[in-house]
Engineer: 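I'd like to ask you about the structure that follows.
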There are 2 protein chains.
Amino acid sequence: MRVAFHVVEARRNALARQLRRHGYLTLARVCRRLGVSPATARRDLAALAREGIITRTYGGALGDYDRRFPSFRARQRKAQASKRRLAQAALRMLRPGMTVFFDAGTTIYSIGEALASHPVSRITAVTNALHLAEALGGSKVITVQLVGGEFLARQSILVGPQAQRSAALWRFDLALLSAEGMTPAGLWNSQADIVAFQRKVATRSRRVVCCLDATKLGRKTPAFLLPWSRVDGLLTEATARELREAGIILPGSKIFTANPLTRRKPSP
Amino acid sequence: MRVAFHVVEARRNALARQLRRHGYLTLARVCRRLGVSPATARRDLAALAREGIITRTYGGALGDYDRRFPSFRARQRKAQASKRRLAQAALRMLRPGMTVFFDAGTTIYSIGEALASHPVSRITAVTNALHLAEALGGSKVITVQLVGGEFLARQSILVGPQAQRSAALWRFDLALLSAEGMTPAGLWNSQADIVAFQRKVATRSRRVVCCLDATKLGRKTPAFLLPWSRVDGLLTEATARELREAGIILPGSKIFTANPLTRRKPSP
DNA sequence: CTGTATATGAGCGAGGTCAATCATAAATGG
DNA sequence: CCATTTATGATTGACCTCGCTCATATACAG
């Protein structure tokens, strides 16, 4: 009756894959697909559920939603309240008729969500992030444009020379850029091809606003993105004081924080 | 006991929304969220399931994955076996190093799935369909490129002038195109902007192969796509005989059917 | 205002699912 | 090669879900 370890492991991997593909499978279907008894099918499902790979339901199981971006939804949930406030601040920058670039990244994604639920009329939203396009899509007053480029499945974004060429065809009123770190020198990101694309976008935009959450403060990652002199606005949940302590000195008019109380206090 | 129509309608819409958001809800949860008895919850779920908006499961319900494309998965499931055979035939056209355009459409989507599970090395896959990009993405030997363009949320594809400009930057060895109808005159599709894009792709491709399932035989839709003279291959599950009866006369070397027995029988 | 249509919730039997237990046979480890 | 571990499938009883019918109260139409 017993079978070898690797057989079990392979079967469970196959089950996870099938579940991923089909989204939902009843117990009976699992039995037929795996060629095992209900008891074993149950045990396999329980094992996968314990690992968090699938979700068990009464009578079947669900392949977890975005397996390709396992952390995306989780990250998305973090710091919701302050992200919402940031998003509101971002929306106040938008005017009807604008052409706006939306970068990838969770902060900007939540701005996109906010825009989708309170659309500003005749906005043309350009992005290289598929998630964002899908979040923004469906609204009738917003035109969503995806740049072309090489598809990075891990992050579900478009990069590469084609993406840069595609971005060069546009002229943005505003570019919302994301980054993974900010230091007194400026903004940092980790992947060279993403930075190259972001720089191209920056050159094509009248105004560049960077959106970073507070965890990015003082973090320096491999690839340099932009110096502060090239940035027209910083949208962050960090307080003005935290920024100062991190050595990031910007005119108050450039800073948009999530906290309405500490917003824009330019020195007299 | 009875409530007004609009109340029922609003409740069911809310239910659909919640299901969409949460992915899966047990019957008990539905009851609590809606504040109704299990009987009513069942009725609501049954109604939504009948409309294809959700999927009923034993003990609960699923908000359909891609609720934006309610029919996508359903259409996808149809005619699986013959679609798989078609996909195999399509894979035989691919050679390492090729640059291939993949159109939107369920038939071509299944070709993409087949390619993803049996990758041909160094293929560059270009597409305007987000689903397809996600299905193909992740493989290390396949480069997936998305063209730019306006995002159509309903179909999750890219169209418009930008898309045509973006396609014009490419040179394809092979273009796999989809259509909604075929008559003796040629191929038909329904949306003008899609047809415009497909034509641009065709002009940029050394070889144009159309992929249609048998239901498209004899169907004529508003927008004319291409005459048969511009098509280098027809990939279909329809038999050679069915094609003849529909008045579609093509040299046997251009026809690739799903049935291996009737495949390629050129006249002597 | 009256009659009809219908949305609701309760009760019912039939059948499905689950977790637990147990015997067994095969894989593992020494 | 033997002792141990463990993956498997059968069984069982408790619980749950389902579709059905039915009584009822409310919305809707004339």
Side-chain angles (χ1 to χ4, degrees), chain A residues 1-65 67, chain B residues 1-67 70-71 73-74 77-78 80:
Chain A
M1 298 242 184
R2 188 184 179 188
V3 300
F5 285 135
H6 66 92
V7 173
V8 178
E9 194 183 346
R11 190 186 57 217
R12 291 188 178 165
N13 284 340
L15 175 55
R17 206 160 358 100
Q18 303 230 28
L19 231 19
R20 214 180 309 172
R21 178 166 298 265
H22 288 83
Y24 175 79
L25 250 37
T26 65
L27 190 87
R29 276 181 202 283
V30 172
C31 291
R32 268 196 288 120
R33 277 167 192 276
L34 264 47
V36 296
S37 72
T40 300
R42 266 180 235 283
R43 277 188 272 255
D44 283 357
L45 290 175
L48 292 173
R50 239 179 290 118
E51 294 175 47
I53 296 169
I54 65 158
T55 304
R56 195 66 217 286
T57 75
Y58 200 98
L62 258 52
D64 275 351
Y65 273 15
R67 189 120 19 102
Chain B
M1 296 246 182
R2 187 184 179 189
V3 299
F5 285 132
H6 66 92
V7 173
V8 177
E9 195 183 345
R11 192 187 55 216
R12 291 186 178 167
N13 285 340
L15 175 56
R17 207 158 3 100
Q18 304 230 25
L19 232 20
R20 217 177 303 170
R21 177 166 294 269
H22 288 83
Y24 174 80
L25 250 37
T26 65
L27 189 86
R29 275 180 203 285
V30 172
C31 292
R32 267 194 289 122
R33 278 168 191 278
L34 264 48
V36 296
S37 73
T40 301
R42 268 180 235 283
R43 278 189 271 255
D44 284 357
L45 290 175
L48 292 174
R50 239 180 289 119
E51 294 175 48
I53 297 169
I54 65 158
T55 303
R56 194 68 218 283
T57 75
Y58 200 97
L62 259 50
D64 275 351
Y65 260 38
D66 288 320
R67 55 214 87 80
S71 58
R73 286 192 164 246
R77 277 190 241 285
K78 284 199 315 189
Q80 278 199 337

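Note that the coordinates shown come from a computational prediction; the quantities given were computed from them, not determined experimentally.
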Engineer: Which whole-number value in Å describes the distance from B:Asp44 CG to C:dT8 P?
Structural biologist: 6 Å

Engineer: In whole Å, what is the span from the CG atom of A:Leu34 to the P atom of D:dG9?
Structural biologist: 10 Å

Engineer: Given atom CG of A:Leu45 and atom P of C:dC18, what is their separation to the nearest angstrom?
Structural biologist: 9 Å

Engineer: Whole Å only: how far is the CZ atom of A:Arg11 from the C1' atom of D:dG9?
Structural biologist: 12 Å

Engineer: Would you kindly give the CZ-to-P distance between A:Arg42 and D:dT11, to the nearest whole Å?
Structural biologist: 15 Å

Engineer: Does A:Thr26 reach a base, just sugar-phosphate, or nothing at all? Heavy atoms under 4.0 Å.
Structural biologist: nothing

Engineer: Counting only N and O atoms by type, is there a donor-acceptor contact under 3.5 Å from the side chain of B:Arg43 to the main-chain atoms of B:Ala47?
Structural biologist: no

Engineer: Taking the minimum atom-to-atom distance to the side chain of A:Tyr58, which one of D:dT17, D:dT8, D:dA10 wins?
Structural biologist: D:dT17

Engineer: Between C:dA10, D:dG9, D:dA7, which nucleotide has the shortest distance from any of its atoms to the side chain of A:Ser37?
Structural biologist: D:dG9

Engineer: Check the distance between C:dG9's C1' and B:Arg32's CZ and give it to me in whole angstrom.
Structural biologist: 19 Å

Engineer: Which atom pair, heavy atoms only, marks the closest approach of B:Leu48 to B:Arg12?
Structural biologist: CD1-O, 3.7 Å

Engineer: Has the side chain of A:Arg42 got a donor or acceptor atom that lies under 3.5 Å from a matching backbone atom of A:Ala46?
Structural biologist: no

Engineer: Would one find a side-chain N or O of B:Thr40 under 4.0 angstrom from OP1 or OP2 of C:dG9?
Structural biologist: yes

Engineer: Just how far, in rounded Å, is C1' of C:dA19 from CZ of A:Arg50?
Structural biologist: 13 Å

Engineer: Which nucleotide wins on minimum distance to the side chain of A:Leu27, given the candidates C:dG9, D:dG19, C:dC18?
Structural biologist: C:dC18

Engineer: Find the distance B:Arg56:CZ to C:dG16:C1' and express it as a whole number of Å.
Structural biologist: 14 Å

Engineer: Could you tell me whether the phosphate oxygens of D:dG19, OP1 or OP2, come under 4.0 Å of any side-chain nitrogen or oxygen in B:Arg43?
Structural biologist: no

Engineer: Above 12 or not: heavy atoms from other molecules or residues under 6.0 Å from CZ of B:Arg29?
Structural biologist: no

Engineer: Which heavy atom of B:Leu62 sits nearest a heavy atom of B:Leu19, and at what distance?
Structural biologist: C-CG, 4.1 Å

